Amino acid sequence: MTTLLRKISRRQSVPMWNTRPWLRCLLLGAASLSMLSCKDTTPVSQNASPAAYSALPENDKPASFLNFLEVEGSLPQGSFRDGSEQQLFSLIETTGGGCALLDYDRDGQLDIVHAGGGFPDLKLEKLSGYPGNLHRQRNAWKFDNCGSEAHVDFSRTYNAAVIAADYDNDGFTDLLVTGFDALQCFRNQGDGTYEQVRAIEDSLWSSSAAFFDADQDGDLDLYVVHYADWSWTNNPFCPSQTDPNRRDYCGPTDFRGLPDRVYENLGDGTFAQRTPEGLGDEALRGLGVIAADLDGDRDTDLYVTNDVEPNLLYRNDGPFRWTELGRRASVATNDQGRAEGSMGVAIGDYNNDQKFDLWVTNYADEYCALYKGMGRMSFSYATNAARIAVTDERSVGWGTQLADFDLDGDEDIVIINGHLERYAPYHDQRPQLLENIDGKYFVLSALDSKFFQTPQPGRGLATGDMDRDGRIDLVVTRINANFGLIRNESQGQGAYLSVRLVGTQSNRDAIGTVLTLKVGERSWIRQIAGGGSYASTNDLVVHFGIPAEQAHASKQSISQPGTASLRVDWPSGQTTEVAVPKLDTEILIIEGE
């Protein structure tokens, strides 16, 4: 009880899931009792066997084809370091950093950029940065260190998120790196090197960011998320939950939040701070942001995740005009009206109803939040109905993504976990793969994959098809450890379609574009979003999985008109409709052509 009270006082959040099993079931209500067993669903130890934490009856478990393998030794000098060895116990050490998947040299293969973190200089009372690195893929799963040659060096300050986007519309992907007291911009020169430019002046602690076209003028503007007011003079002593005589990291409620910022792209390689109408100067502890069209009107909305404060949903009402709808849309809190410790965020259509859903990772003792899209900026809390609660392991969730990892036509969920308290009993935590069962509910999967059974200090996640085999792979960052390159070796019987978009009237990266694939009688929607996951950037190639039945029928009759088609709704208002000539391939679509 003493430990619980300490957690409540530090997080200012009282999850009902700490109650006894019978009371937990009672609080869920009769509707949820039909989906959740009232036996003890308390998450098990991180050291439990895989069989111990699947609460579904044996005959309710489908055969799973999901399998992942960590590729060893391919990424030298690939670590994020937090500087904790200096014993400063600064809040910035807890949040970690991320990575980006991009084809920086346009050779057709995905490369990796990762943040380096940093360390405190105790004498100068300054936070310095490690440079991070760029890894160029020369062929499948083989990489060269190119950070120095490409002039990629983030050491100006303690650095965290890596946001990749073509903000100057020249066809080469640029970089923005968040950090403790500066944003760093690196413009891709197109010759294999980057030039660091002072495009934005921002001295607040920035955690994440998202590029998106706020005013629909064809270039990418920027939303920057700021976290907390930690400083050298505001670094209080906080006791460990396991030993009150030993120091540990303070919780977020010991610090005030900082206001986020919006920057307009001026079209000349620089940005100017804007004060948008409806976007308040409220100071919250922000950790994540995703930019996407959530109401189908072709302009880009924003969803911001905050730490133990309500999440924010901004509806785009025109150039630099927004209306905040978080509580009205039911995505600000959990279903009990309580703000949670939210970090990672993703968008998808988990139940294939042609409406986009939101997914948020949360702190330990709080379930991750699944918000089912109901249309026109309205959502329903679906964590219980989709059996997310049954998969809970009391983990602290960070990087995350919805993707069809097994090519069965529905989007699964991957979560990268790791506790932030130094002396937490389960500091290292297993990542999780939640397999989507027919768009109805989720089960823990990939239980035979060593990666998903190995506790680790995870933070960032970027996803993409590294070897162009149609299966989505993972890149994961960890605290004070090499980051992981995880190959998807799942053996599903379905097919895939990958789509690369190039905007002309819209922004070149096509952020905010909605795609609808129809194969036979079934349809799927996807969207290119800005931001998302945690402190990381996914590959912008859009991926569809097609289940075996539709894939087989389509391959038998692919030459017949109307068998498979793709609709692309661009932010500019244009629509492209094309017949899909075959599956198991990647196609390129240029706006207006």
Side-chain angles (χ1 to χ4, degrees), residues 64-69 98-102 110 290 292 344-352 356-361 368 370 373 386 388 391 397-416 431-439 442-446 449 451-452 458 460-476 484-492 494-501 511 513-517 524-534 536-547 551 583-584 586:
S64 177
F65 301 98
L66 286 161
N67 184 49
F68 291 78
L69 176 69
C99 56
L101 277 175
L102 68 158
L110 285 176
I290 194 163
V345 59
I347 184 177
D349 179 20
Y350 86 94
N351 57 349
N352 288 329
F356 286 110
D357 313 303
L358 291 169
W359 166 259
V360 179
T361 61
C368 292
L370 178 63
I388 300 299
T391 69
W398 301 89
T400 192
Q401 176 68 324
L402 280 84
D404 189 351
F405 292 104
D406 51 1
L407 306 183
D408 65 350
D410 49 38
E411 291 178 292
D412 314 295
I413 300 174
V414 64
I415 313 167
I416 303 304
Q432 294 169 288
L433 185 64
L434 309 188
E435 183 177 356
N436 189 334
I437 308 303
D438 299 325
F442 293 87
V443 297
L444 278 171
S445 191
S449 300
F451 169 75
F452 284 103
L461 167 71
T463 59
D465 185 357
M466 296 296 302
D467 51 6
R468 303 303 188 204
D469 66 350
R471 294 173 292 188
I472 298 297
D473 309 297
L474 316 175
V475 179
V476 177
L485 179 58
I486 317 302
R487 184 169 63 199
N488 185 347
E489 296 189 334
S490 304
Q491 299 299 315
Y496 74 93
L497 180 70
S498 296
V499 185
R500 186 183 301 275
L501 299 180
I511 290 172
T513 302
V514 175
L515 299 88
T516 304
L517 173 66
W524 299 267
I525 61 170
R526 299 289 186 266
Q527 183 169 174
I528 300 180
S533 188
Y534 175 74
S536 301
T537 305
N538 301 313
D539 180 26
L540 293 180
V541 171
V542 180
H543 177 267
F544 291 90
I546 299 100
L583 301 180
D584 291 333
E586 177 178 307

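As a basis for the values below, the full set of heavy atoms in this structure was taken, side chains included, without hydrogen atoms, waters or symmetry mates. Bear in mind the structure is a predicted one, so any value in this text is a computation, not a measurement.
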**Q** What is the minimum heavy-atom distance between Ile525 and Phe544, and which atoms define it?
**A** C-CE2, 4.3 Å

**Q** Kindly write out the residues that satisfy side-chain contact (heavy atoms from CB on, under 4.5 Å) with Ala529, not counting sequence neighbours, or none if the list is empty.
**A** Ile290, Ala292, Ile347

**Q** Show, in sequence, the C-alpha distance, side-chain angles and deciding distance for Leu474 and Gln401, and conclude whether the side chain to side chain contact (heavy atoms under 4.5 Å, CB included) test is met.
**A** CA-CA 10 Å; Leu474 316 175; Gln401 176 68 324; over 6 Å; no

**Q** Hey, what do you get for CD1 (Ile472) to CG (Asp539), rounding to the nearest 0.5 Å?
**A** 7.5 Å

**Q** Looking at every heavy atom in both Trp359 and Cys368, which two are closest together, and how far apart are they?
**A** CH2-CB, 3.3 Å

**Q** Determine the minimum heavy-atom distance between Val476 and Leu461, stating which atoms define it.
**A** CG2-CD1, 4.0 Å

**Q** Tell me if a side-chain donor or acceptor on Asn436 pairs with a main-chain N or O of Glu411 at a distance below 3.5 Å.
**A** yes

**Q** How long is the gap from CZ on Phe356 to CG on Asp349, to the nearest 0.5 Å?
**A** 7.0 Å

**Q** Looking only at atom types and distance, does a side-chain atom of Thr463 sit under 3.5 Å from a main-chain N or O of Asp473, one as donor and one as acceptor?
**A** no

**Q** When rounded to the nearest 0.5 angstrom, what is the spacing between CG in Leu370 and CG in Leu358?
**A** 9.0 Å

**Q** Using only atom types and a distance under 3.5 Å, with no angle test, would you say the side chain of Asp357 pairs donor to acceptor with the backbone of Tyr350?
**A** yes

**Q** Are Arg487 and Asp467 side-chain neighbours, meaning at least one heavy-atom pair lies under 4.5 Å?
**A** yes

**Q** For Ser490 and Leu66, which heavy atoms make the closest approach, and how far apart are they?
**A** OG-CA, 3.2 Å

**Q** Report the residues that fulfil ring-ring contact (aromatic ring centres under 6.0 Å, His included) with Phe68, sequence neighbours left out, ordered by chain and then residue number.
**A** Phe405, Phe452

**Q** If we check side chain to side chain contact (heavy atoms under 4.5 Å, CB included) with Ile528, which of these qualifies: Ile511, Val514, Val499?
**A** Ile511

**Q** Indicate yes or no for a side-chain donor-acceptor contact from Glu489 to the backbone of Leu69 under 3.5 Å, with no hydrogens or angles considered.
**A** no

**Q** Are Asp465 and His543 side-chain neighbours, meaning at least one heavy-atom pair lies under 4.5 Å?
**A** no

**Q** Could you tell me whether the side chain of Asp404 reaches within less than 4.5 Å of the side chain of Tyr496, counting heavy atoms only?
**A** no

**Q** Would you check if the side chain of Asn352 reaches a backbone N or O of Gly409 as a donor-acceptor pair within less than 3.5 Å?
**A** yes

**Q** Using the test side-chain contact (heavy atoms from CB on, under 4.5 Å), find all partners of Glu586 that sit at least two apart in sequence or belong to another chain.
**A** Arg468, Ser498, Arg500, Val541

**Q** Under a 3.5 Å distance rule, please check whether Glu435 uses its side chain to pair with a backbone N or O of Val443 as donor and acceptor.
**A** no

**Q** As an exercise, state the distance from CG of Leu102 to CG of Leu110, rounded to the nearest 0.5 Å.
**A** 8.0 Å

**Q** What distance do Ser445 atom OG and Asp406 atom CG have between them, rounded to the nearest 0.5 Å?
**A** 7.5 Å

**Q** Measuring from Leu517:CG to Leu497:CG, what's the distance to the nearest 0.5 Å?
**A** 6.0 Å

**Q** Quick one: closest heavy-atom pair of Gly460 and Ser536, and the distance?
**A** CA-OG, 3.6 Å

**Q** Within a strict 4.5 Å, meaning less than it, do heavy atoms of the Ile416 and Tyr534 side chains meet?
**A** no

**Q** Show the nearest heavy-atom pair for residues Gly399 and Ser533, with the distance to one decimal.
**A** CA-OG, 3.6 Å

